[in-house]
Amino acid sequence: MNCTILLLAGGQSSRMGVNKALLKIGEEVNIKRVANVFKEVTENILVVTNSPEEYRFLQLPFIPDIYIGQGPLSGLHAGMSFSETELQVLSACDMPFVSAEAVNEMLSYYEPGLDAIIPEINGRLQPLFAVYHKNCLPILMDCLEKKELKMKHFLEKLTVKIIKESDFALYHNDPEHFRLLFFNMNTMEDYEEAKHIYQTEFVRKEGKHEF
């Protein structure tokens, strides 16, 4: 299904203290690792950032926020405004173990009339790794204009399909692997855990690390 990946790289990383997008997992910086996974889904990838000079090595298009400093909603708005596809996959850049299969499974649940497809994992919604339709752009703009910046309030105004672990074939095939797909890094402790996961869960095959 045709879509655009909106890769958010505009967070302040205040809890981390450094730019978590540029931290290394194995031999690659995190955002490069994530972008390479998304290339298995589509060639349409937009990096949403107000600091493009930090990410030129990705050789991907950059989109700046139109509503500056208004959190992930402003990133979704910027990416969706420039995207040429109806469906967008929004992803934060701090999820080092995302998978193309998970994205394709989320997209497979789209049906006409839906504004968003949001995973709910371990009882928590994951709106920063989710699918959005351009139909929700007017609602998004209204939230930004009114400074209603909580993702929860935005989602309440949409027609949303929530998919849980059991809706993913990946979960049934390998639940231990699946739980890592939604791991995100907010602190240095999380980063250390991510490096440990990489070292213990990945094996070396033909000179490359594979999950």
- Query: CG/L180 to OH/Y198 distance, rounded to the nearest 0.5 angstrom?
  - Reply: 13.5 Å

- Apply side-chain contact (heavy atoms from CB on, under 4.5 Å) to V160 and list each qualifying residue two or more places apart in sequence or on a separate chain. A116, I118, L158, I162

- Might you point out which heavy atoms bring M106 and I163 nearest each other, and give the distance in Å? CG-CD1, 3.8 Å

- Can you find a heavy atom in the side chain of I66 that is under 4.5 Å from one in the side chain of S81? yes

- Taking side chain as C-beta onward, heavy atoms only, is L22 less than 4.5 Å from F57? yes

- Query: What are the two closest non-hydrogen atoms of A102 and L181, and how far apart are they?
  - Reply: CB-CD1, 3.9 Å

- Message: For a 4.5 angstrom cut-off between non-hydrogen side-chain atoms, does E176 reach R179?
- Response: yes

- How would you list, by chain and number, every residue that makes a side-chain contact (heavy atoms from CB on, under 4.5 Å) with P127, sequence neighbours excluded? L125, Y132, M151, L155

- Query: Restricting to pairs with a member in residues 146-155, which pass side-chain hydrogen bond (donor to acceptor under 3.5 Å, both in side chains), not counting sequence neighbours?
  - Reply: D142-K146, E148-K157

Which atom pairs, one a donor and one an acceptor, fall under 3.5 Å between side chains of residues 39-55 and the rest of the protein, sequence neighbours left out?
{"from": "T42", "atom 1": "OG1", "to": "C3", "atom 2": "O", "distance (Å)": "3.3"}
{"from": "T42", "atom 1": "OG1", "to": "N44", "atom 2": "N", "distance (Å)": "3.0"}
{"from": "T42", "atom 1": "OG1", "to": "N44", "atom 2": "ND2", "distance (Å)": "3.4"}
{"from": "N44", "atom 1": "ND2", "to": "N2", "atom 2": "OD1", "distance (Å)": "3.4"}
{"from": "N44", "atom 1": "ND2", "to": "C3", "atom 2": "O", "distance (Å)": "3.2"}
{"from": "T49", "atom 1": "OG1", "to": "A9", "atom 2": "O", "distance (Å)": "3.4"}
{"from": "T49", "atom 1": "OG1", "to": "S51", "atom 2": "N", "distance (Å)": "2.9"}
{"from": "N50", "atom 1": "OD1", "to": "D65", "atom 2": "N", "distance (Å)": "2.9"}
{"from": "N50", "atom 1": "ND2", "to": "D65", "atom 2": "OD2", "distance (Å)": "3.1"}
{"from": "E54", "atom 1": "OE2", "to": "N19", "atom 2": "ND2", "distance (Å)": "3.4"}
{"from": "Y55", "atom 1": "OH", "to": "N19", "atom 2": "ND2", "distance (Å)": "2.9"}

- How would you list, by chain and number, every residue that makes a salt bridge (Lys or Arg N to Asp or Glu O under 4.0 Å) with K164, sequence neighbours excluded? E120

- Query: Is there any salt bridge (charged side-chain N to carboxylate O under 4.0 Å, His left out) pair reaching into residues 77-88, and which pairs are they, with sequence neighbours excluded?
  - Reply: none

- Message: Could you tell me if the side chain of F183 sits less than 4.5 Å from the side chain of E193, heavy atoms only?
- Response: yes

- Message: Can you list everything that forms a side-chain contact (heavy atoms from CB on, under 4.5 Å) with E101? Sequence neighbours excluded, please.
- Response: S99, L170

- Task: Calculate, to the nearest 0.5 Å, the distance between atoms CG and CG belonging to L73 and L90 respectively.
- Result: 9.5 Å

- Could you tell me whether the side chain of K195 reaches within less than 4.5 Å of the side chain of E192, counting heavy atoms only? yes

- Taking only residues two or more places apart in sequence, or in another chain, which ones meet E165 in a salt bridge (Lys or Arg N to Asp or Glu O under 4.0 Å)? none

- Message: With heavy-atom distances below 4.5 Å as the criterion, would you say the side chains of P96 and N30 are in contact?
- Response: yes

- Taking side chain to side chain donor-acceptor pair (under 3.5 Å) as the test, write out the residues that go with S108, two or more places apart. none

- Message: Parallel, tilted or perpendicular: which one describes the rings of F168 and F178, with boundaries at 30° and 60°?
- Response: tilted

- Query: Can you find a heavy atom in the side chain of N186 that is under 4.5 Å from one in the side chain of K20?
  - Reply: yes

- Among residues two or more places apart or on two chains, list those pairs meeting ring-ring contact (aromatic ring centres under 6.0 Å, His included) that have a residue in residues 61-82. Y67-H77

- Query: Under a 4.5 Å cut-off applied to non-hydrogen side-chain atoms, are L128 and M95 in contact?
  - Reply: no

- Message: Could you work out, with side chain to side chain donor-acceptor pair (under 3.5 Å) as the rule, every residue matching S83, not counting sequence neighbours?
- Response: T4, T85, Q88

- Hey, could you give me the CZ/CG distance between F129 and D94, rounded to the nearest 0.5 Å? 11.5 Å

- Item | Selection residues 101-124 - residue pairs positive for ring-ring contact (aromatic ring centres under 6.0 Å, His included), sequence neighbours left out | Y110-H133

